[in-house]
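Every number for a ligand or one of its atoms is a count from 1 in the order of the listing. Each residue takes its place number in the sequence, starting with 1. Just the heavy atoms: all of them, side chains too, but no hydrogens, waters or symmetry mates, feed the values below.
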Amino acid sequence: MCGVIGYTGKQSAATVIMDGLARLEYRGYDSAGVATVFNGDLHLKKGVGKLEEVEAACLLSRLPGNTGIGHVRWATHGGVTMENAHPHVDCLNYIAVAHNGILENYQKLRRRVVSRHKLVSETDTELIAHLIEEYLVPGAPLEQAVTKAVKEIKGTYALVVTSTVEPNKIVATRCGSPLVLGLGKGENFISSDFQAFLPYTREVVFLDDGETVVMTPGKVHILSASGKKTRKDSVVLDVDLAVREKNGFDYFMLKEIFEQPQAILSAINQEKSALKKAANLVNNSQSVVFTACGSSRYASLIGRYMFSKIAHRFSDVIISSEFCYFGDSVDENTLVIAVSQSGETADVIEGVIEAQSRGAKILSIVNTIGSTLARMSDCVLYLNCGTEFGVAATKSFLSELVILYLLSFSLAGRQEEAEEELKRISELMDENLRLNNDEVPKAALKLAGHDKFYYIARGINFAVAGEASLKLKEIAYVHSEGMSAGELKHGTLALVEEGTPVIAIAPCDDTHEHILSNISEVKARGAYIIGLSDKPDKLFDIHIEIPRVNEYYYPLACIVPLQLFAFHSSIARSLDPDRPRNLAKSVTVT
Ligand code: AGP
């Protein structure tokens, strides 16, 4: 997934675009580029690396002109090279294109385009620039050429296009990737995410698949999928501007870990009507299935336990990229609960579209207001945790858990009880964070030489083991496995040797005695035990203390020190926990 932005108006396009790209960098940071139109020429600069690196090398912000487009890339077609960085241009240097998405008919298109055009990159996006060039007719509007060109492509795209032919016009269109239009006074904006231009305007129009925006400084019109002018209502956003400040922390991820006690309180603050509607959807469905990816899937697995324990409702969790294989068991009596921080994860959206085609109702739990998933759901519960700049999910994961606790207890008519316990946990977490921020870095440093870790747990904490393992993999690049402690003896135990670090999640809940015996099994084979518990034990070589909470809520208490462990493991390996290699915050490709 990548981030795109376009601007036309009275300001320096490069300045507005660079400000926007800095807010879009969570979507990709392999390379960056800007193209502006000035004095009848296209001015284009781009480079490999994070935005600040490319700016230092290329001075993107110095490009002239009041109309332009910009892009931050997460590589899909073609390696991380300067040639593959966006924007891409046509043979005559009249047209520049930036794209978020993947063309599925890339090979066939490439064969068609390469016979008539000189290609300079390996990307699918460059093909679009040449297609527009072919359809550009002197005197005809740019949008006509764009519309004809996209008819030839299959796949997902959010495209922004500028040209010297109509120097103060931007054309943009979407299919499967997000695009939002920002309406200003004498200036207009288009981007993957409204946060990119929120400092300039709060009046936005969320675009749907097949729609095309044609914008100049003083005029905007929208074409429907059939090419006819159409009217769409704008909304004025009442959201906080995502402040890209670290407030004294060295990394966004650490700041966001420490924001979690407050995140609990914000997540509790749900619209009563929305929570009631969500509970009714669950009660009125015959079957409930969660669909999510990554951390959101681990949150869903915990939600599944809570639905069963508190509301005595069985549910299942299907990995979104696998959802399409379960479509036959989805019908109008099914409720699909889609959990997604970004609300733009393509795997999740694809599954939801499939479920809707079979009559299922959709309840989504998302952080991003106006996201594609939120706009296609029957009911939405918002995390309210603010923008999460760290690629690794921390406060958003915890907020998803809070929503799932609230929903589970609401189903049993015990919402107030949950709210009280969650508020208490918020205070305990604050205190525990300070305690753990001394102990955990020491443990991470001590174990920094190891290249494999096992996280073991039982019952509701099993998903915490999975989430903790995911954190370590994605920001410290260390292989690890989160697994059910009871499963160890069925195979994985063969991998345990002298000194193998095993992080045992052993809170004083109904799994405690059982997990202690599993710890004995691995310890007998030489494992080095990091015990996470509210009670010390002689089996632990290192004890990481967690607060004592009501037994259902230990996942909230356990995940925080494990997030810190992954963070400090990343730092101990001189890595950047905020922007891990190969990853991006919002995976808008399947
Ligand atoms: C979690 O740390 C990762 N960033 C990733 O697994 C993420 O949870 C996953 O891509 C799902 O994202 P979503 O919640 O925005 O759908």
Side-chain angles (χ1 to χ4, degrees), residues 1 3 25-29 74 177-178 192-193 195 251-254 256-257 260 263 267 290-303 317-323 336-352 362 364-374 376-377 380-383 385-401 403-404 463-464 466-478 480 482 559-560 562-567 569-570 575-590:
M1 62 312 312
E25 213 180 2
Y26 69 88
R27 304 176 68 88
Y29 33 85
W74 180 79
S177 295
S192 306
D193 181 344
Q195 284 287 352
Y251 293 93
F252 284 114
M253 182 177 174
L254 192 58
E256 288 152 4
I257 288 172
Q260 292 184 117
F290 290 86
T291 181
C293 306
S295 294
S296 295
R297 173 177 161 261
Y298 290 116
S300 302
L301 285 168
I302 291 167
V317 178
I318 298 175
I319 297 178
S320 297
S321 51
E322 294 289 311
F323 193 91
V336 171
I337 302 181
V339 183
S340 172
Q341 185 282 133
S342 63
E344 297 296 351
T345 300
D347 286 331
V348 176
I349 290 167
E350 199 170 72
V352 164
I362 311 298
S364 60
I365 298 175
V366 301
N367 194 29
T368 311
I369 290 171
S371 57
T372 301
L373 181 60
M376 63 198 293
S377 300
V380 187
L381 296 176
Y382 285 102
L383 304 186
C385 71
T387 300
E388 188 171 62
F389 288 104
V391 167
T394 50
K395 64 177 182 176
S396 65
F397 169 79
L398 196 90
S399 303
E400 287 169 352
L401 291 189
I403 302 275
L404 289 166
V464 176
E467 168 59 13
S469 165
L470 176 61
K471 289 280 111 22
L472 191 71
K473 286 186 281 190
E474 67 177 318
I475 63 172
Y477 312 158
V478 174
S480 65
I559 191 57
V560 174
L562 296 173
Q563 292 166 342
L564 283 173
F565 182 79
F567 173 82
S569 298
S570 176
L575 299 170
D576 176 357
D578 280 346
R579 292 179 293 192
R581 69 185 178 197
N582 306 340
L583 301 179
K585 187 68 183 173
S586 174
V587 184
T588 57
V589 292
T590 53

Item checked: For E344, all residues meeting salt bridge (charged side-chain N to carboxylate O under 4.0 Å, His left out), sequence neighbours excluded ->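 Salt bridge (charged side-chain N to carboxylate O under 4.0 Å, His left out) check on E344 returns nothing, list empty.
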Notebook entry, point to check: Under the salt bridge (charged side-chain N to carboxylate O under 4.0 Å, His left out) test, which residues partner E474, sequence neighbours left out?
Noted result: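 Scan of E474 (salt bridge (charged side-chain N to carboxylate O under 4.0 Å, His left out), adjacent residues dropped) gives K471.
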Check: Does any non-hydrogen side-chain atom of W74 lie less than 4.5 Å from one of R27?
Finding: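 Not touching, per the 4.5 Å side-chain cut-off.
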Check: Going by heavy atoms in the side chains, are S342 and K585 under 4.5 Å from each other?
Finding: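 In short, these two side chains do not touch, never coming nearer than 4.5 Å.
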Check: With sequence neighbours left out, what residues match S480 under side chain to side chain donor-acceptor pair (under 3.5 Å)?
Finding: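 For S480 the side chain to side chain donor-acceptor pair (under 3.5 Å) partners, ignoring immediate neighbours, are S469.
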Note to self: Can you tell me how far apart CG (L404) and CZ (F290) are? Round to the nearest 0.5 Å.
What the structure shows: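 Going from CG on L404 over to CZ on F290, the span is 5.5 Å.
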Notebook entry, point to check: How would you list, by chain and number, the residues with a heavy atom under 4.0 angstrom from ligand 1?
Noted result: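 If the criterion is a heavy atom under 4.0 Å, then ligand 1 touches C293, G294, S295, S296, S340, Q341, S342, T345, V391, A392, A393, L470, K471, E474, V587.
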